[in-house]
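The structure appears below as structure tokens.
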There are 2 protein chains.
Amino acid sequence: MRPPTIRDVAARAGVSKSLVSLVLRGSESVRPEKRRAVLAAIEELGYRPNAAARSLSERRTRTVGVLLNDLRNPWFVELLDGLNARLHDSGLHVLLADGRLNRRLGQDLTRTFTELRVDGVVAVGTLQDPAALRTAADRVPTVVAGTREPELPGVDVIAGDDERGARLATEHLIGLGHRRIAHIAGRGAVGELRRRGFEAAMREHGLADTAVVEQGDLTEEGGYRATVRLLSRRQRPTAVFAVNDMTCVGALSAAEESGLRVPGDLSLAGYDNTYLSRLRHLWLTTVDNASHDVGRRAAQRLLDRIEDPGRPRTVDLTVPVLEVRGTTAAPSGGG
Amino acid sequence: MRPPTIRDVAARAGVSKSLVSLVLRGSESVRPEKRRAVLAAIEELGYRPNAAARSLSERRTRTVGVLLNDLRNPWFVELLDGLNARLHDSGLHVLLADGRLNRRLGQDLTRTFTELRVDGVVAVGTLQDPAALRTAADRVPTVVAGTREPELPGVDVIAGDDERGARLATEHLIGLGHRRIAHIAGRGAVGELRRRGFEAAMREHGLADTAVVEQGDLTEEGGYRATVRLLSRRQRPTAVFAVNDMTCVGALSAAEESGLRVPGDLSLAGYDNTYLSRLRHLWLTTVDNASHDVGRRAAQRLLDRIEDPGRPRTVDLTVPVLEVRGTTAAPSGGG
DNA sequence: GCCCGTCTTTGGACCGATCCAAAACCTCGC
DNA sequence: GCGAGGTTTTGGATCGGTCCAAAGACGGGC
């Protein structure tokens, strides 16, 4: 017993399938009594339009594919929220795919997306394999959100101004009186920009000599290890600016483990203003990228590009805001 | 310039579209040289099959809808991983939808799923509106994972044995010497079962009199507030078993705020073994539900049900394991 | 009563795949 | 050279919608 089709509805309502189609699409030119009859038939039969049939004939799916790098790192939640809100307003659905989850399975997600003929693709955050996006971008309107790479011809970018945000955090630490400040860097364009912001701020305040950079990998583990290395230096830093909140939590653990009090003995700042940083027990000073806004704007850019695929590439940066919480304070001793 | 279709490929390879279709579906009865010609044409044209057309004629989408309650609560990540792995082996894709994200928009996700004609639905965790699942379950094979409600005729359940896990945690605390033990409960079937396990364990050890239950809501905030209430009692508990890790993190903050050391002055145990609990800085004692396994089994049950929609409902419980970390210890003083 | 214009409804082509019965092609034995 | 029997290939129907040109209904003016 198959689900009812538009023809079943038409038969029940005593009209043609074309008229049912008109009602479904909300046409003005259907007489009220016919409309009522059709709606009643739909209700009685429990009819649901078949999305596959519809997108086959409409030549669009009303679906946008969102490519994430890792569901475990929660920074994207806000972004997704904004993205979803705006896309929903335009009648588009969101299809989520986690690159990390699927890569292990040898699956090419951009391929899946092109087979599904999604109307657009949003790549969220630093991807493992940015080049893979190129093939997708050739076929379907594509937008990158929350990071600035890859830079591809027809691909818009919407992201926080990472360099500026990194300056904000660094200057906050300098303003508190810190001189020996370390940065735990991360991979990818985002990591690069945040490091650059850190270095620029330090340089401008004549602190280039005391600036230290350790490499992390955007994970808690990486943050922990980098901090252990930092704290074993002869001149240990009095403040650490971490590339993201996850890394900062790792730093927090390392500090605690070596008996340092935060922020008394060591100030820590993170980035992303994830809910992690808002957990009372962590309460990290961090930088907010207005991710919800990034998401909304990404949606808008994608809609624009769907409208006009040929439009020139845009780069859209949101202004980050410092979120001062419990992990930063003036240095205690001889600084 | 539209993407190439199966007919374009056929023309290029000098065969009929039916033959191309055979090659695409990996038929044995195609002569090697024709197969090569077709594959070459596919490659040259960059042909990708149209999923909508395929599922329209095959009458299945090879897609499974996964309904989540809240992307912000990370306990489901492992589960999803297991689910995805098993489904992918059977050639099925996963479509993620976050109920919380979408409900705000007044969108009925089960409706979206039925319009897409997904081959199956997996509801993960306690849903906001469990009744909504009923309509989906009537139309499409459905499975509930990670919780035990709702109980519906044709809907299989795969979950951790919450009552047993709660006993494990409670008995661990009792074994350490605690007598005044509190529980912060949560809503839904999961909350109910964990509370029951806690109460049963307390009763069996003759501690029913000193057992206290405060209501939480599965969030950090709820855990914090419940703990503040607990700690303001005349006889404050020496240990708290929280319904999940998020709640436990809230409890941790409340304890710290009132100057109690964990685990010295107050022991805390959570539930779910999320990555939160594994953060070095939190390092919560918690209960592991073998979520990866729950996910894999849920996938298997769904595949079984797709095969035979009429089969009787099954309930599948995994055995939880206690994960002892840094937030539990023997009580300090007069207990 | 007829013609014309507007509003509403309809039948049939189409989207791009799968599926199946029938056609075409081989090979072999006589 | 022909027919049987097996393998390989093909044309056309089908899935369930949208779209569009044309048909039908209706009202008003002459």
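Please read all numbers here as calculations on a predicted model, not as lab measurements.
One interatomic measurement links the two molecules: CZ of B:Arg60 to C1' of D:dG16, which rounds to 18 Å at whole-angstrom precision. If you take CG of B:Leu19 and P of C:dT18, they are 12 Å apart, rounded to a whole angstrom. Summarising the geometry, the separation between CD on B:Glu28 and P on D:dT8 is reported as 10 Å, rounded to the nearest angstrom. Protein atom NZ of B:Lys34 is 18 Å distant from nucleotide atom P of D:dT7, rounded to whole Å.
Judged by distance alone, the side chains of B:Ser90 and B:Arg86 do bring a donor and an acceptor atom under 3.5 Å apart.
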What pairs of nitrogen or oxygen atoms, one from the protein and one from nucleotides 13-17 of chain C, lie under 3.5 Å apart?
residue	atom	partner	partner atom	Å
C:dC15	O3'	A:Arg59	NE	3.4
C:dG16	N2	B:Ala53	O	3.4
C:dA17	OP1	B:Tyr47	OH	3.0
C:dA17	OP1	B:Asn50	N	3.1
C:dA17	OP2	B:Ile6	N	2.4
C:dA17	O5'	B:Tyr47	OH	3.0
C:dA17	N7	B:Arg7	NH2	3.4

Steps toward salt bridge (Lys or Arg N to Asp or Glu O under 4.0 Å) verdict (A:Asp119, A:Arg62)
CA-CA 6 Å; A:Asp119 295 341; A:Arg62 300 173 188 277; over 6 Å; no
Let's go through B:Thr142 and B:Phe113 carefully: what are the C-alpha distance in whole Å and the side-chain angles of both, what is the deciding distance for side-chain contact (heavy atoms from CB on, under 4.5 Å) to 0.1 Å, and is it a yes or a no?
CA-CA 11 Å; B:Thr142 300; B:Phe113 281 158; over 6 Å; no
Between A:Asp308 and A:Arg311, does the salt bridge (Lys or Arg N to Asp or Glu O under 4.0 Å) criterion hold? Intermediate values first, please.
CA-CA 6 Å; A:Asp308 171 17; A:Arg311 71 200 291 274; 5.0 Å; no
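A close approach under 4.0 Å does not occur between any side-chain nitrogen or oxygen of A:Ser18 and OP1 or OP2 of C:dT10.
When distances are taken from the side chain of A:Ser16 to each of C:dG11, D:dT8, C:dT8, the shortest belongs to C:dG11.
For A:Asp316, the salt bridge (charged side-chain N to carboxylate O under 4.0 Å, His left out) criterion is met by A:Arg297, A:Arg301, not counting sequence neighbours.
Judged by distance alone, the side chain of A:Ser27 and the main-chain N or O of A:Arg25 form no donor-acceptor pair under 3.5 Å.
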